[in-house]
Amino acid sequence: MATKSAGKSKYKKMTMSPQEYQTFAKTREPNRSVGANCIRAFIVGGGICLLGQGIQDMFVHVFGMSKTDASNPTVAVLIFISVVLTSMGVYDKIAQWAGAGSAVPVTGFANSMCSAAIEHRSEGLVLGVGANMFKLAGGVIVFGTVAAFFVGIIYMIFGIRGH
Amino acid sequence: MLKGKQTWWFEKRPVIIGAATVVGPDEGEGPLAADFDLIHPELEMQQKSWEKAERLLLEQATDLALKNAKVNKQQLQYFVGGDLMNQIISNSFAARTLGVPYIGVFGACSTSMESLAIASLIINSGSGQYVMAGTCSHNCTAEKQFRYPTEYGSQKPPTAQYTVTGSGAAVIGADGTGPVVECATIGKIVDLGIKDPFNMGAAMAPAAVDTIQAHFNDTGREPKDYDLIVTGDLAGVGHPIAKDLLARDGVPMEQTEFMDCGLMIYDVQKQKVQAGGSGCGCSAVVTYGHLLKRLQKDGDLKRILVVATGALLSPLSYQQGESIPCIAHAVSIARQL
């Protein structure tokens with residue numbers, strides 16, 4: 001087909017400023033439903049905690065441990081469950097539904113380390129798994145330690161003692 | 001020949017004499033499944049790493065494209081390709097297997113049309129008889145490089161897009177049977193300051209609009225001259241934005257069908273892909289697998305414009321707070337007369 005002579009149909013180029021466009025684009029983002037996410041996070045996060053409580057009670061009642069003694073094996077069992085679910089490719093699917101609920105400590109932390117370790121296994125044990133395992137969890141450890149340090153100072157200044 | 005400011009006009013009408021597409025399991029469950037040459041039932045593809053799986057996709061697509069074009073490796077003068085991986089390793093390694101002179105290009109997800117435009121230019125200038133253009137992407141390599149480990153549990157926002165696991169390759173010849181490449185408009189970088197890597201559709205939409213307008217200005221064509229205009233991977237958020245921006249600037253897109261490869265490749269309602277598909281493989285497999293078939297003699301399309309869009313960010317650039325530079329390249333493909 002023959003084309004018409006160039007320049008006949010000139011369309012004016014975009015005249016929107018970056019600020020105008022960013023504001024416009026913001027209005028076109030589908031909303032994340034905060035309400036539903038809160039409820040899901042409550043259900044899943046609460047469910048994981050409930051499971052942990054159940055496991056701890058089991059160690060107390062079945063194995064006759066004290067509450068303090070039961071906490072370590074409880075955490076170990078939760079880590080194990082999280083690692084198994086991550087390895088089976090299920091944990092990330094739960095997280096897409098649960099949002100912040102599956103990011104609760106222990107299982108979320110285990111998932112962040114396990115997923116990074118699996119992902120970088122192809123780069124070897126030392127430079128792959130070793131160097132990348134804390135890629136996501138590292139931030140939690142660093143800032144957790146920093147926060148604990150400052151809280152410790154506040155405790156010292158005000159003479160509050162922990163138990 | 002240069003037409004207007006940024007359009008290459010291919011008066012020798014290079015022919016896409018053969019093409020092939022290889023995809024992963026999610027694309028195989030999508031509405032275009034019947035148009036792909038090979039569907040892998042699993043993402044691993046029996047390879048030891050995601051990167052090797054991505055490379056395999058391209059190696060298989062190039063192999064099948066040569067077979068479909070009935071051209072052998074020795075006849076092929078150049079291979080033009082690129083992908084999303086750092087240092088475009090998937091293409092470089094596949095080019096090692098292919099063993100033909102290689103031009104590596106990078107245009108993120110616009111690479112499909114960038115490589116097709118360059119391959120057509122080589123043919124049009126008489127610098128080759130047969131040239132292949134190809135690209136690929138893999139969902140898990142993209143997740144690993146640009147986002148988080150694939151098994152990491154984090155919730156993706158509804159603006160996020162799902163990287164297509166797939167590869168498309170096409171053999172372009174100086175003569176032969178198949179759809180012809182009429183012209184290509186090379187886009188410029190457009191960056192309106194969007195910084196969110198989980199909203200690349202909105203970041204890329206202005207680039208697509210800029211290239212579409214430049215294409216009409218350079219060629220004198222109108223939307224009605226095309227049976228179909230497709231953007232590469234703007235998906236559910238970016239595509240409606242592009243539509244609105246074009247309407248605002250008075251481009252009569254209602255004259256034609258205006259679609260997006262990222263919305264065509266998946267059933268966005270049923271499949272869990274957030275806003276839709278993305279990645280180099282997205283526009284490549286939709287164009288080479290689905291659209292070329294509709295451009296054959298018995299197809300329903302006579303002329304299409306594929307506007308592949310690319311977000312030229314790196315994990316480093318967005319962590320340093322930079323906005324996302326975007327680009328779009330448009331190629332006009334028509335049924336052979």
Side-chain angles (χ1 to χ4, degrees), chain A residues 1 3-22 24-26 28-33 37 40-41 82 85-103 107-108 111-112 114-123 132 135-136, chain B residues 3-4 7 9 48-52 140 143-144 148-159 182-183 190-196 199 201-203 205-206 209-210 212-214 216-222 225 236-238 240-241 244-246 248-251 272 275 302-303 323 334:
Chain A
M1 189 193 139
T3 53
K4 280 166 253 159
S5 64
K8 201 176 172 188
S9 56
K10 284 275 177 201
Y11 294 115
K12 215 175 72 192
K13 288 281 176 77
M14 287 264 305
T15 45
M16 236 185 228
S17 74
Q19 283 75 24
E20 278 173 328
Y21 180 71
Q22 284 159 36
F24 166 71
K26 202 87 203 152
R28 306 302 296 269
E29 279 180 31
N31 286 328
R32 284 208 209 203
S33 84
N37 268 336
R40 287 168 175 185
S82 170
L85 290 177
T86 304
S87 308
M88 282 164 49
V90 180
Y91 202 93
D92 59 327
K93 302 209 165 52
I94 299 173
Q96 180 62 32
W97 190 84
S102 58
T107 55
N111 163 257
S112 75
C114 177
S115 62
I118 297 171
E119 193 80 325
H120 294 281
R121 177 65 186 88
S122 54
E123 287 95 80
N132 287 293
K135 199 161 99 167
L136 299 161
Chain B
K3 195 167 175 97
T7 300
W9 193 264
K48 281 196 173 148
S49 69
W50 297 127
E51 291 75 15
K52 282 189 175 142
C140 299
E143 287 292 321
K144 180 176 174 180
Y148 299 117
T150 44
E151 298 304 334
Y152 176 60
S154 73
Q155 193 184 44
K156 294 222 170 76
T159 50
E182 292 187 312
C183 57
V190 177
D191 183 349
L192 289 184
I194 301 284
K195 289 183 173 177
D196 181 4
N199 192 5
V209 170
D210 189 82
I212 290 171
Q213 295 194 12
F216 290 140
N217 288 340
D218 282 355
T219 60
R221 285 182 178 173
E222 300 269 356
D225 295 322
V237 177
I241 292 180
D244 286 357
L245 294 178
L246 285 162
R248 187 176 174 269
D249 291 346
V251 184
K272 290 194 174 93
K302 281 196 180 123
R303 180 189 279 154
S323 56

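Small disclaimer: the values here were computed from a predicted structure and weren't measured. Letters go in sequence order (proteins before strands), and every chain restarts at 1. Atom set for the values below is all heavy atoms of this structure, side chains included, hydrogens, waters and symmetry mates excluded.
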Under 4.5 Å from any heavy atom of chain A - which part of B:Val237: side chain
A:Met16 vs B:Arg248 side-chain heavy atoms within contact, under 4.5 Å: yes
Flag if over 12 foreign heavy atoms under 6.0 Å of NZ, B:Lys302: no
Pairwise side-chain contact, A:Ile118 with B:Pro149, heavy-atom cut-off 4.5 Å (strictly under): no
Options A:Lys26, A:Arg28, A:Arg121, ranked by heavy-atom pairs under 4.5 Å with chain B, top entry: A:Arg28
Contact origin within A:Glu123 toward chain B - heavy atom pairs under 4.5 Å: side chain
Proximal component of B:Ala214, with respect to chain A [non-hydrogen, under 4.5 Å]: both
Pairs of heavy atoms under 4.5 Å with chain A: top-ranked of B:Gly238, B:Ala202, B:Ser49, B:Cys140: B:Ala202
Heavy-atom closest pair, residues B:Pro157 and A:Arg32: CB-NH2, 3.4 Å
Interatomic spacing from NZ in B:Lys144 to NE2 in A:His120 - rounded to 0.5 Å: 5.5 Å
N/O donor-acceptor pair under 3.5 Å between A:Glu119 side chain and B:Glu151 backbone: no
Heavy-atom pair of closest approach, residues A:Ala95 and B:Ser154: CB-N, 3.8 Å
Heavy-atom contact with chain B under 4.5 Å, split by part of A:Ala116: both
Side chain, backbone, both or neither of A:Asn31 within contact of chain B (heavy atoms, under 4.5 Å): backbone
Heavy-atom side-chain contact between B:Asp249 and A:Tyr11 under 4.5 Å: no
B:Asp244 and A:Phe24, any side-chain heavy atoms less than 4.5 Å apart: yes
Interface residue of largest heavy-atom contact number with chain B, from A:Ser112, A:Ala103, A:Ser102, under 4.5 Å: A:Ser112
Check: A:Gln96 and B:Lys156 side chains under 4.5 Å, non-hydrogen atoms: yes
Any donor-acceptor N/O pair, A:Asp92 side chain to B:Tyr152 backbone, under 3.5 Å: no
Any side-chain heavy-atom pair of B:Tyr148 and A:Ser115 under 4.5 Å: no
Passing option when A:Pro18 is tested against B:Ile194, B:Asp191, B:Leu192 for side chain to side chain contact (heavy atoms under 4.5 Å, CB included): B:Leu192
